[in-house]
Each structure stands twice: as structure tokens, then as C-alpha cells.
Amino acid sequence: MDIIHTVSALRAHLQAPENGGRAIGFVPTMGNLHEGHIDLVRIARDRVGMGGLVVMSIFVNRLQFGPKEDFDKYPRTFADDVEKCRQAGVDVIFAPDEHEMYPEPQGYVIEPPEIQHILDGAVRPGHFRGVATVVMKLFNMVQPSLAVFGKKDYQQCRLLDTMVRQFNMPIKIILAETIRADDGLALSSRNIYLSTAERKEAPQLFVALQAIKTYLLAGRRDFDSIEAEALNRLTMRGWQPDYLTIRCQSDLLEPIASDELQIMPLVILGACRLGTTRLIDNLEVLL
Ligand code: PAF
């Protein structure tokens, strides 16, 4: 496995005679790897085969953090990450530092459409501009044939899939199912912020999503009251919900129009704070 820190070394490596022409499966991450990331590596490897290269980037992207968010305390566990990548069969870790990624102030940015201002984007202004901009830069650096993202970050997946399509980028975006702990909690790098008591409570977000799904499958269509009931239950248990909402599985994650009910695949999206930790999760539903 090669560990590369600069764009020029990455390009030289990927274009070397032994690597040129090999399909590249790319897994962009911010490090602090868990089983969810390793699953993305497995999917990338499955797709490119042993003849391809699996490249993982590890870069904590300041541009996608708000001024009051956890950029400084975001867990950085590079030595552990390297070991996990080695065991998972990653071929190349690309780990640029901030100066390599942003050698000058990033004047050009990717400004996503309206979806960047709703849900997580409403709570984290500028977040998706930062994500789209760094992913565009990473795609230009790595030039992968395919890239794998986890569906836990559902809004991010939608937005990046649309970006690649609308900019005609020759990259296949593969969306991987969320990996969960045995009690249902979606794996996330931020779970380590949870206290023991909070960790016990944390699966209740998934319980709330499952309850909404059960109501929908049972035929309830009073979306507002279903959402309010679930929100209320979490609030009573001490959560501070940012949103819990039923949306269309569309590029813009719109609310459901009443005439779309029979056909539209839906997704239930939730973001709630438990103490100081913000957890997000989602569940797709086919009515
Ligand atoms: O999902 C993440 O870990 C990040 O948003 C990403 C895609 C690596 C961009 O920094």
C-alpha cells in the first residue's frame, strides 16, 4: 500500500507504467475509519477487481465546517486509519495536508442548487458548498472511474450524484447502504463523542425512523402528524431534533405532493442532537 501526500506524487504514481490504464475505485473520507468506510472499500474493490486500484483519500476539509462546528476537535487517527486500510486491501492512501489541498484561498467554488439550503444545509450553512468543492477537487486529483459514498449522508449523496451528472464527469457514483451497530445505530465517526448513557440512547433515532416507515407501510398518509409524533417522542426523551421529515427520493429531496403518492419512492431523514453530538440517519421507503 502506498501513502501519498502531494498531488504531483499522486499523479506520477497513478500514471506510472504499472498503473496507467487501471480502473480506479475511489473512497473519499475524512479519516477516523470505521466498518462503514471499510465496507465502501470492499465495494470499490468488488467493482474494479484485482486489476484495478482502490484509492482512499483522508482529508478533514475545513471548508465544509461552520465557524462554530467541530473542525478542530474532529477525530484525527491517521496511524489507525493506515492499519485499517492495509487490512482492507486499499492500494493508495491519498492524505494531503491543508496547504496541498488549498495552496491559495479557494476563490472558485462549486455552488450546488437549492438542495444545499435545506435540511442539513439549513442547519449548516455553506456545508454542502464545502463538500461539493472538495469532492470536485479530489475527483480532479484522483480521476477515478467510480467513487463510493455511504447513504448515511443521504443529502450529500444526492447532491454529488447530481453534480457528476450535470458536469458530465466520467465517474460512476455508487451509493452504499448504511452500516449499523447491532442495536441499529448508524456507524459514524462522530459516535465517539457520545457518553456511555448517550450511546445507549442513540439507537432511538433509528427507532423513530422505523416507526415512521411502519406507519407509512400501514397506509397512513398524514405526513405532518406522523413526523410530529416521532419528533415529540424524541424530544420527550431529551433529544433536540433539527428535523425529522419524509421526502421524495429525488435530486432535490422535495416534500411529497399529494398527487405523487402512489409512485414516489420516499426517504425519511432525521438529524437530532443528543447532548452536544449531532446524529443523522435516514431510511428509504417504497410505498
Ligand atoms: O462524507 C465525508 O466524509 C466528507 O463529506 C467527504 C465526502 C469526504 C468530503 O470531505
Side-chain angles (χ1 to χ4, degrees), residues 4 7 10 24-41 43-44 54-66 69-78 80-81 84-85 88 90 92-98 100-102 106 109-112 115-116 119-121 123-144 146-164 167 169 171-179 186-193 269 271 277-282:
I4 297 177
V7 179
L10 179 71
I24 297 175
F26 182 37
V27 181
T29 79
M30 298 205 299
N32 191 30
L33 304 181
H34 50 67
E35 192 47 42
H37 296 109
I38 301 308
D39 190 53
L40 305 183
V41 170
I43 293 172
V54 175
V55 178
M56 175 184 285
S57 64
I58 297 181
F59 178 69
V60 185
N61 175 37
R62 188 188 288 275
L63 226 60
Q64 70 190 70
F65 287 79
E69 293 184 11
D70 56 344
F71 174 77
D72 286 328
K73 76 166 193 174
Y74 196 85
R76 287 155 173 90
T77 52
F78 192 66
D80 270 14
D81 294 345
K84 287 179 182 158
C85 283
V90 168
V92 178
I93 295 180
F94 176 50
D97 65 13
E98 273 202 274
E100 185 67 16
M101 182 60 76
Y102 299 115
Q106 187 69 31
V109 292
I110 297 292
E111 200 63 64
I115 186 174
Q116 73 158 317
L119 306 173
D120 264 14
V123 185
R124 307 183 65 189
H127 169 67
F128 288 116
R129 182 191 309 123
V131 170
T133 301
V134 81
V135 171
M136 176 65 88
K137 284 172 73 88
L138 286 165
F139 281 175
N140 286 332
M141 292 166 181
V142 177
Q143 303 196 357
L146 60 91
V148 195
F149 295 91
K151 274 196 205 172
K152 185 181 80 66
D153 299 304
Y154 202 87
Q155 194 174 356
Q156 166 173 289
C157 286
R158 280 282 158 205
L159 188 136
L160 294 175
D161 195 45
T162 311
M163 177 181 87
V164 165
F167 281 113
M169 302 170 81
I171 301 170
K172 184 160 182 47
I173 300 294
I174 294 164
L175 303 182
E177 294 306 323
T178 301
I179 302 293
L187 298 193
S188 161
S189 300
R190 290 190 166 97
N191 291 351
I192 60 156
Y193 297 152
L269 298 146
T277 308
R278 185 169 186 274
L279 299 176
I280 63 171
D281 200 353
N282 64 79

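Whatever order the structure lists ligands and atoms in, that order sets their numbers, starting from 1. Worth knowing before you read on, the calculation uses all heavy atoms, side chains too, and leaves out hydrogens, waters and symmetry mates.
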Participant: Provide the full list of salt bridge (charged side-chain N to carboxylate O under 4.0 Å, His left out) pairs with a residue in residues 30-41, sequence neighbours left out, each pair given once.
Facilitator: Glu35-Arg42, Asp39-Arg42
Participant: What pairs with Arg76 under salt bridge (Lys or Arg N to Asp or Glu O under 4.0 Å), at least two apart in sequence or on another chain?
Facilitator: none
Participant: Under the criterion side-chain contact (heavy atoms from CB on, under 4.5 Å), I'd like the reasoning laid out for Val41 against Cys85: C-alpha separation, chi angles, the key distance, then a yes or no.
Facilitator: CA-CA 8 Å; Val41 170; Cys85 283; 5.9 Å; no
Participant: Could you check Leu279, Leu187, Thr178, Ile179 and say which one makes a side-chain contact (heavy atoms from CB on, under 4.5 Å) with Lys152?
Facilitator: Thr178
Participant: Ring of Tyr193, cation from Lys73 - is the NZ or CZ under 6.0 Å from the centre and inside 45° of the axis?
Facilitator: yes
Participant: Protein N/O near ligand 1 N/O, under 3.5 Å, which pairs?
Facilitator:
residue, atom, partner, partner atom, Å
ligand 1, 1 (O), Gln156, NE2, 2.8
ligand 1, 5 (O), Gln64, NE2, 3.0
ligand 1, 5 (O), Gln156, OE1, 2.8
ligand 1, 10 (O), Gln64, OE1, 2.7

Participant: The criterion is ring pair (Phe, Tyr, Trp, His ring centres under 6.0 Å); which residues satisfy it with Phe139, sequence neighbours excluded?
Facilitator: none
